[in-house]
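Take a look at the structure below.
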Amino acid sequence: MDRPVRPRLASLSDFQFGAVATETIEDALLHFAQQNEQAVQESAGRMGSFRETRIVEFVFLLSEQWCLEKSVSYQAVEILERFMIKQAENICRQASIQLREKTEPQNWRALKEQLFNKFILRLVSCVQLASKLSFHYKKISNVTVLNFLQALGYLHTKEELLESELDVLKSLNFQINLPTPLAYVEMLLEVLGYNGCLVPATQLYATCLTLLDLVYLLHEPVYESLLRASIENSTPSQLQGEKFISVKEDFMLLAVGIIAASAFIQNHECWSQVAGHLQSITGIALESIAELSYAILTHSVGASTPGRQRPVPPHLVAGALRAATSPTHEAGGIHPK
């Protein structure tokens with residue numbers, strides 16, 4: 001398989017915070033908030049069902065092999081997520097129509113196999129489309145994609161590859177420039193820089209990228225623990241899980257939790273100040289910030305680190321976060337909408 005020439009990847013030192021005018025930041029923050037609110041309101045019952053660990057890991061590793069920037073990885077996951085949901089919805093819609101009209105049912109096993117057989121092709125198409133959205137950095141050629149698929153045992157032509165991309169585009173009405181949590185993280189870090197955050201934005205950014213990767217890879221476990229904590233019950237009902245979907249699709253909340261958890265890792269003494277800034281910027285309750293930070297940290301600080309033979313006890317993390325949550329701040333915690 002032909003391996004692409006690896007360009008110099010963007011380093012963390014290439015990112016600059018504090019270089020954007022405050023008026024521009026305010027407008028962008030308002031746009032992000034409105035966009036996020038709309039996405040939360042439109043979240044459906046099946047949203048998130050294709051952000052499985054193996055799928056996300058495949059996309060991340062493929063993006064790394066093709067030397068794509070981090071934003072492409074998240075964009076590809078979101079494009080694939082929405083495309084596969086559309087495919088599932090179409091199948092269910094067809095079944096509903098046939099049951100109502102009592103027509104000859106299709107062979108659903110054949111449809112399922114067709115969807116399964118084309119999944120890798122669709123996934124790769126989503127990565128390629130995401131790379132084209134950031135073409136100023138690097139886009140993936142059809143030859144590279146076909147060689148990769150061939151190495152996995154999938155033989156396709158350039159025409160089939162183009163048709164696959166077009167299928168994804170048409171299914172999503174060509175709306176593939178989807179928001180990602182990374183964009184929210186970068187925006188909030190920019191605002192924090194202007195607000196006099198004690199922890200430098202560039203220092204937080206490095207940890208944020210690591211934690212965001214982890215949340216994507218452990219999406220279900222992180223949000224499952226968050227759900228149990230929010231309802232104070234270890235066995236949530238199906239209805240509670242369905243109502244919690246809106247929380248899973250809240251990228252502003254996720255970005256706030258990622259930054260707050262990063263601040264705790266970098267300097268736990270500054271956590272209260274950072275969380276306070278995030279609360280005033282977004283209006284998200286401080287208790288919600290603490291709950292999500294705790295969920296993220298319990299899935300990240302448990303691994304042994306150099307010089308530390310035992311993991312950090314989760315109750316210490318929880319105690320520090322909850323102690324920093326002042327009762328004078330807005331309360332209420334995370335609740336399904």
Side-chain angles (χ1 to χ4, degrees), residues 10-43 68-75 78-79 130-138 174-212 215 246-247 249-264 266-267 270-286 288-290 292-293 326 328-330 337:
S11 64
L12 294 177
S13 61
D14 293 332
F15 292 90
Q16 295 184 1
F17 293 98
V20 181
T22 54
E23 295 80 6
T24 303
I25 294 176
E26 290 173 358
D27 291 342
L29 185 60
L30 178 60
H31 172 71
F32 273 53
Q34 294 172 341
Q35 189 180 50
N36 184 67
E37 184 65 25
Q38 181 179 354
V40 170
Q41 291 177 355
E42 294 176 352
S43 60
L68 300 172
E69 57 184 358
K70 290 300 299 181
S71 62
V72 175
S73 301
Y74 305 125
Q75 193 92 60
E78 296 306 321
I79 293 173
S131 74
K132 292 178 179 179
L133 290 173
S134 60
F135 63 89
H136 62 279
Y137 182 75
K138 188 179 189 296
F174 292 84
Q175 302 298 317
I176 62 169
N177 192 12
L178 304 171
T180 68
L182 178 60
Y184 287 84
V185 167
E186 292 174 342
M187 171 56 62
L188 291 175
L189 286 177
E190 188 74 40
V191 178
L192 284 176
Y194 277 101
N195 287 5
C197 180
L198 294 177
V199 185
T202 52
Q203 186 175 332
L204 282 173
Y205 188 63
T207 308
C208 284
L209 288 177
T210 300
L211 291 184
L212 189 55
V215 171
S246 61
V247 177
E249 298 304 315
D250 191 336
F251 286 172
M252 185 72 79
L253 174 63
L254 175 55
V256 165
I258 290 289
I259 295 173
S262 299
F264 187 85
Q266 290 288 337
N267 187 346
C270 298
W271 186 91
S272 182
Q273 191 239 29
V274 174
H277 278 312
L278 292 171
Q279 189 270 338
S280 64
I281 293 168
T282 64
I284 296 174
L286 200 61
S288 296
I289 298 175
L292 182 52
S293 300
S326 171
T328 60
H329 283 78
E330 179 183 359
K337 296 186 178 181

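Index from 1, following the sequence.
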- Query: Side-chain contact, heavy-atom cut-off 4.5 Å: Q279 with I284?
  - Reply: no

- First locate atom CD of E249, then atom CG of L254, and finally report the distance between them rounded to the nearest 0.5 Å. 10.5 Å

- Query: Rounded to the nearest 0.5 Å, how far apart are NE2 of H31 and CE of M187?
  - Reply: 9.5 Å

- For the side chain of Q75 and the backbone of L178, is there at least one donor-acceptor N/O pair under 3.5 Å apart? yes

- Kindly write out the residues that satisfy side-chain hydrogen bond (donor to acceptor under 3.5 Å, both in side chains) with Q175, not counting sequence neighbours, or none if the list is empty. none

- Item | Qualifying residues under side-chain hydrogen bond (donor to acceptor under 3.5 Å, both in side chains), relative to Q38, sequence neighbours excluded | E42

- Query: For T24, what residues pass the side-chain contact (heavy atoms from CB on, under 4.5 Å) criterion, not counting sequence neighbours?
  - Reply: V20, A21

- Who are the side-chain contact (heavy atoms from CB on, under 4.5 Å) partners of P179, not counting sequence neighbours? Q35, Y184

- To the nearest 0.5 Å, atom CD1 of I258 lies from atom OG1 of T207 at 10.5 Å

- Task: Go through V256 and V185 one step at a time and tell me if the side-chain contact (heavy atoms from CB on, under 4.5 Å) criterion holds.
- Result: CA-CA 7 Å; V256 165; V185 167; over 6 Å; no

- Message: Within the 4.5 Å heavy-atom criterion, are L188 and M252 side-chain neighbours or not?
- Response: yes

- Task: Answer whether the closest heavy-atom distance between the side chains of L29 and I281 falls below 4.5 Å.
- Result: yes

- Item | Any L192 side-chain heavy atom under 4.5 Å of L278 side chain | yes

- Task: List for me each residue that meets side-chain hydrogen bond (donor to acceptor under 3.5 Å, both in side chains) alongside Y74, sequence neighbours excluded, and say none if there are none.
- Result: D213

- C208 vs I259 side-chain heavy atoms within contact, under 4.5 Å: yes

- Item | Pairwise distance OH(Y205) to CG(L212) - rounded to 0.5 angstrom | 9.5 Å

- Closest non-hydrogen atom pair between A255 and P181, with its separation: CB-O, 4.2 Å

- Message: Quick check: do E78 and F251 have side-chain heavy atoms less than 4.5 Å from each other?
- Response: yes

- Where S293 and A260 come nearest, the two heavy atoms and their spacing: OG-CB, 3.1 Å

- Measuring from L133:CG to I176:CD1, what's the distance to the nearest 0.5 Å? 4.5 Å

- Excluding sequence neighbours, so at least two apart, what forms side-chain hydrogen bond (donor to acceptor under 3.5 Å, both in side chains) with S71? E69

- Rounded to the nearest 0.5 Å, what separation is found between the OG atom of S272 and the CG atom of L286? 7.0 Å

